[in-house]
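The residues of the chain are indexed from 1 along the displayed sequence.
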Amino acid sequence: MKRDLKYLQLLAKSFPTVQAASTEIINLEAILNLPKGTEHFVTDLHGENEAFDHVLRTASGVIKRKVEELFGNTLREVEKRDLCTLIYYPEGKLKIVKQKEKAMTEWYKVELMRLIKVCAVVSSKYTRSKVRKALPPEYSYIIEELLHESKAEEANKHAYIMAILETIVSTGRADHFIIAICNLIKRLTIDSLHIIGDIYDRGPGAHIILDTLCNYHNFDIQWGNHDLVWMGAACGSEACVANVLRMCFRYANFATLEEGYGINLLPLATFAMDIYKDDPCTVFRPKINEDEPINSRQEHLVSKMHKAISVIQFKLEGQIIARRGEFGMEDRRLLHLIDYDRGTITINGAEYRLKDANFPTVDPEKPYELTAEERDVIEQLTHSFTTSSKLAKHMHCLYDHGSLYLVRNSNLLYHGSVPLNEDGSFKVVKIEGRDYSGKALFDKIEQLVRSAYFGDEGSAARNYGKDFIWYLWCGPASPPFDKDRMATFERYFLAEKELQKENKGIYYTLKNNKEICEKILQEFGITQLENSHIINGHIPVKTKKGETPIKAGGKLLVIDGGFSKPYREETGIAGYTLIYNSYGLKLVQHVPFESIEKAIEEGIDIISETKVVEFAENRKLVRDTDIGKSLIEQIEDLKQLLRAYRNGLIRK
């Protein structure tokens, strides 16, 4: 009782009277009866910033549906399409309209009225207080008036609204106002955004995606293996730095490195040209990249840099494996198995010929030891990563808004897997001498990832954390990876396809089992299984081959549909968005995004198909969400405070 009274005395500072506490109870009870906000889930963006930006602007088709509901029978299809495009891309659409439209004053007034109606609909599920906080400061009073009074039908109110609109146009603020209200519509349409891993690599604009996210109103990130390797590089893990660079060279992707983070590649280029000047580095030719085309001379340089950093990577990884025996990755140390005179390698007693046998920096007696020049290069590159202010900003964003998993509104979000044994039990992973599995494994991993970045420089905890982040990128029991190995060496140097195969963990076999999925949900604290789901990505769904993202009787939703262009050939689509609103779950399948110009000029959308995954018989309210549970607890605390006031236990 004393403890409770002490808490209530603290609460009384915020609600110092019976009236203040009662008013807050009324307010919270009202909020509980509003419809739940709309959640959007996307995954495996892989640097495709334009496609991601379009998904956000269109709210994955939600805005289009709102316009259809409002104006379905009153506007022509072309007018509805133009209105949607105006909301998505107001600046670009205004330029086109001004080139064609002669009566701009009338056009402004008509479109402003339509935009206000759309804004009123998307704001209707929120409190006026929440909408007010989202309003652009320079127009907050005007927009609030228009939203409130637009519902009135009296003639004098109509005249009042028209007077506001005419003044906006006559003062030359129409363009600016339209842009502001379009941005408000987009903000209110998506209440919360979940990014389920892999923002980085392959595409050109991971840094642009993170710029957008860092300024977004409400989002979270579940770290993917490609995010983690960048996080490791920012922590100062040399092996992660080498892996990040190798991936960028493989896809000839330099925009994120150079333009995004100012990584100085000159030391590596100079070293590579010197060491491999007569080496064609054929097997290290980058994959064709239409986003960042390169000429033949640049291709030769990239190939040499690609090989140089790959050899450095294999050496650094060999060093980690040697000092971290508990990682169980000795089979990934391959440099000492090479016969450098014959150009062959012996694996499991069989000898194979190497496609490239030129290793001028490898000492056969000490194959994992860096040369002085390699040591200098990797130190300069690592310094460039750890001192990039833009990268540091994005890393703080990833740490502040990110985690390895998230439980939200009876859904479990993670990238990759939960490591399992063949019998469906949780796989035990030994970390620092202790056994971890299931949720405890995830919690331990997250602690290590944070200590790698925020731990004391040079401490044992930070050094272990940096090595473990590398393990998360490619280790056999890593939840975001979960394959028996990452066969990078074999893909480069060996022609035999069977040696390049990476076997997925047991999870990927058992994930179609409803009982296994329910067991995982319960492990992470979700006991109400009826409307609960696992939502994840990592392995693209091959829609082209008849695969479905809905698995285990609807308990597992794998929403990696191929945002990344290299995956689209096998998936046949360009990504999914999962939408969870008050009416249930919808899965939106996207067709490839062509360009912003086409989206504006032709009103092209990227929505190709929407599928209802789960329909709620009773519309879900805020009280049915995690926020609602928190509000109910607050209401109970405030009711206790009221009793304390009325019984004289707290006096004011």
Side-chain angles (χ1 to χ4, degrees), residues 38-68 80-96 115 118 122 178-179 182-196 198-200 202-217 219 221 255-256 290-291 537 540 543 559-568 571-579 586-610:
T38 302
E39 299 174 75
H40 283 235
F41 305 77
V42 293
T43 186
D44 295 86
L45 303 175
H46 285 300
E48 298 293 345
N49 58 290
E50 288 194 352
F52 174 64
D53 181 60
H54 193 65
V55 164
L56 288 190
R57 288 176 181 272
T58 64
S60 299
V62 173
I63 290 173
K64 186 178 181 180
R65 285 195 291 275
K66 296 293 183 186
V67 169
E68 185 63 40
K80 288 183 284 189
R81 188 172 66 242
D82 285 346
L83 177 58
C84 286
T85 305
L86 179 63
I87 295 170
Y88 305 158
Y89 297 98
E91 297 93 336
K93 187 62 177 177
L94 282 167
K95 286 180 183 177
I96 292 174
L115 289 172
V118 176
V122 299
I178 284 173
I179 292 168
C182 287
N183 289 337
L184 176 62
I185 289 169
K186 287 177 287 202
R187 173 168 180 167
L188 293 173
T189 306
I190 300 177
D191 188 46
S192 59
L193 176 66
H194 308 288
I195 309 294
I196 311 177
D198 280 359
I199 295 168
Y200 282 96
R202 299 195 175 97
H207 58 295
I208 300 172
I209 293 173
L210 275 158
D211 277 338
T212 300
L213 289 176
C214 291
N215 294 306
Y216 205 71
H217 58 277
F219 74 99
I221 301 167
T256 299
E290 62 186 61
D291 295 308
T543 309
I559 59 170
D560 179 5
F563 257 99
S564 177
K565 289 178 183 176
Y567 285 146
R568 291 177 191 171
T571 63
I573 60 171
Y576 292 110
T577 303
L578 183 68
I579 300 171
K586 292 180 181 178
L587 192 68
V588 180
Q589 178 179 300
H590 304 302
V591 296
F593 178 69
E594 294 187 51
S595 69
I596 293 173
E597 290 73 22
K598 276 205 167 188
I600 297 171
E601 291 171 10
E602 301 176 24
I604 292 175
D605 214 322
I606 62 170
I607 311 305
S608 61
E609 183 181 335
T610 300

Taking all non-hydrogen atoms of both residues into account, name the closest pair between [X] and [Y] and its distance.
X    : Y    : answer
Y200 : H46  : O-ND1, 2.9 Å
A59  : T189 : CB-CG2, 3.5 Å
S192 : E39  : OG-CG, 3.2 Å
I63  : R57  : CD1-O, 3.4 Å
L86  : L94  : CD1-CG, 4.3 Å
T256 : G205 : OG1-N, 4.1 Å

What's the separation between atom [atom1] in [X] and atom [atom2] in [Y], rounded to the nearest 0.5 Å?
X    : Y    : atom1 : atom2 : result
E50  : E48  : CD    : CD    : 9.0 Å
I600 : D82  : CD1   : CG    : 12.5 Å
I579 : R65  : CD1   : CZ    : 5.0 Å
I87  : T58  : CD1   : OG1   : 11.0 Å
T85  : K64  : OG1   : NZ    : 9.5 Å
D198 : D560 : CG    : CG    : 8.0 Å

Q) What orientation do H54 and Y88 show, parallel under 30°, tilted 30 to 60°, or perpendicular over 60°? A) perpendicular
**Q.** Check: F219 ring centre within less than 6.0 Å of H40 ring centre
**A.** no
Q | N/O donor-acceptor pair under 3.5 Å between H217 side chain and I190 backbone | A | yes
Q | N/O donor-acceptor pair under 3.5 Å between K186 side chain and L56 backbone | A | no
Q. Any side-chain heavy atom of D44 within less than 4.5 Å of one from I196?
A.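 Contact flag for D44/I196 side chains = no.
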Q. Can you name the residues that form a side-chain contact (heavy atoms from CB on, under 4.5 Å) with E91, not counting sequence neighbours?
A. I179
Q. Do you know which of V55, L213, I195 makes side-chain contact (heavy atoms from CB on, under 4.5 Å) with L45?
A. I195
